[in-house]
Amino acid sequence: MLTLFHAPRSRSTRFLWLLEELGAPYEVRTVGIYRSHNNTGERDPANPHPHGQVPALLDEGVLITESAAIALYLTDKFPSAGLGPTVGDPLRGPYLSWLAYYAGVLEPSVVNLWKQRQDDEDKKIYGALDDRLRITLESSPWLLGDHFSAADILFISLLQFARQMLPPHAVYDDWLARASTRPALARALAKDDA
């Protein structure tokens, strides 16, 4: 049984969505999170994440942390759900690239913007992100063309938080609207505070 260590309205909510999309059996353990940026909260001894954060996923005694790693782990574990291209699929490379881009470029840039700590390099990266996302989504409904994937879940979950940080453009609003019609997202949001 998969166990998702979860804090409501946090980065772990995206994994409720992914698990619902996968149709995977899982349980949720709500834990407290330590917010190091403002030193609020205490380490929750029930939270196995090494930094007291979420998400954290436990599978048969194996702990997986970090959003891109969890997304890849789950889509590889449940390949029949079709949310992550398998090895040998021509979309595997773009999928891995989007996951790495999310973790290594997008999220740090958005966090710096949110904390108002962006330097000129962050602003340049953010501008390039806008170009890359916009061009991709102007020609296809999802990051992998017609194929919805866990990469979309990661990006959309951050965009739901940071929509006002990207320049106004219908392509982003349309992407969010497409995602909001997915039944698995509705089920996940219903479980978020449960």
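Throughout, residue positions are numbered sequentially from 1 according to the sequence presented. These numbers were taken from a predicted model, which means no experiment stands behind them.
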Contacts of [X] that satisfy ring pair (Phe, Tyr, Trp, His ring centres under 6.0 Å) - sequence neighbours left out:
| X | result |
| --- | --- |
| Y95 | none |
| Y73 | none |
| H49 | H51 |

Heavy-atom pair of closest approach, residues [X] and [Y]:
| X | Y | result |
| --- | --- | --- |
| L99 | A71 | CD2-CB, 4.2 Å |
| L4 | P55 | CD1-CB, 4.4 Å |
| T65 | P50 | CG2-CD, 3.8 Å |
| L144 | P85 | CD1-CG, 3.8 Å |
| V62 | I64 | O-CD1, 3.6 Å |
| I33 | A7 | CG2-CB, 3.9 Å |

Check: [Y] and [X] side chains under 4.5 Å, non-hydrogen atoms:
| X | Y | answer |
| --- | --- | --- |
| T13 | L189 | yes |
| D152 | W175 | yes |
| L58 | P48 | no |

Task: Plane angle bin for W142 and F148 - parallel if under 30°, tilted between 30 and 60°, otherwise perpendicular - done: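 Perpendicular, since the angle between the ring planes exceeds 60°.
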TODO: Anything under 30° is parallel, anything over 60° is perpendicular, the rest tilted; go ahead and classify Y101 against F155.
DONE: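 Judged by the thresholds at 30° and 60°, the geometry between Y101 and F155 is parallel.
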- [ ] Using the side chain to side chain contact (heavy atoms under 4.5 Å, CB included) rule, pick out the option among L19, T3, L18 that qualifies with Y26.
- [x]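 Running side chain to side chain contact (heavy atoms under 4.5 Å, CB included) over L19, T3, L18 with Y26 returns exactly one hit, L19.
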Open item on the list: Given 3.5 Å as the limit, does a donor-acceptor pair link the side chain of S140 with the main chain of L137, or not?
Closed with: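 Looks like no, no N/O pair under 3.5 Å.
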TODO: Please confirm whether the backbone N or O of G52 pairs with a side-chain atom of D44, one donor and one acceptor, at under 3.5 Å?
DONE: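 Not at all, since once roles are kept as given, no pair shorter than 3.5 Å links the two residues.
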Open item on the list: With a 4.5 Å cut-off on side-chain heavy-atom distances among I, L, V, M, F, W and Y, is there a chain of contacts connecting I135 to V171?
Closed with: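 In one cluster: no.
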Value rounded to 0.5 Å, distance of [atom1] in [X] from [atom2] in [Y]:
| X | Y | atom1 | atom2 | answer |
| --- | --- | --- | --- | --- |
| T30 | N47 | OG1 | CG | 11.0 Å |
| Y172 | L159 | OH | CG | 8.0 Å |
| F5 | L63 | CZ | CG | 7.5 Å |
| T75 | I70 | OG1 | CD1 | 12.0 Å |
| L2 | E60 | CG | CD | 8.0 Å |
| L22 | S80 | CG | OG | 8.5 Å |

TODO: Can you sort out the partners of S12 under side-chain hydrogen bond (donor to acceptor under 3.5 Å, both in side chains), two or more places apart, ordered by chain and number?
DONE: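 Once residues adjacent in sequence are excluded, the partners of S12 under the side-chain hydrogen bond (donor to acceptor under 3.5 Å, both in side chains) criterion are H6, S10.
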Open item on the list: Test: salt bridge (Lys or Arg N to Asp or Glu O under 4.0 Å). Region: residues 64-79. Which pairs qualify, not counting sequence neighbours?
Closed with: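 Checked against salt bridge (Lys or Arg N to Asp or Glu O under 4.0 Å) - neighbours excluded - the pairs reaching residues 64-79 are D59-K77, D76-R92.
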Open item on the list: For residues 18-28, which residue pairs pass the salt bridge (Lys or Arg N to Asp or Glu O under 4.0 Å) check, not counting sequence neighbours?
Closed with: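 For residues 18-28: E20-R187, E20-K191, E21-R182, E27-R29.
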Open item on the list: Does either side chain, that of R11 or that of S67, offer a donor lying less than 3.5 Å from an acceptor on the other one?
Closed with: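 Their side chains do not contain a donor-acceptor pair, so the 3.5 Å distance test is not met.
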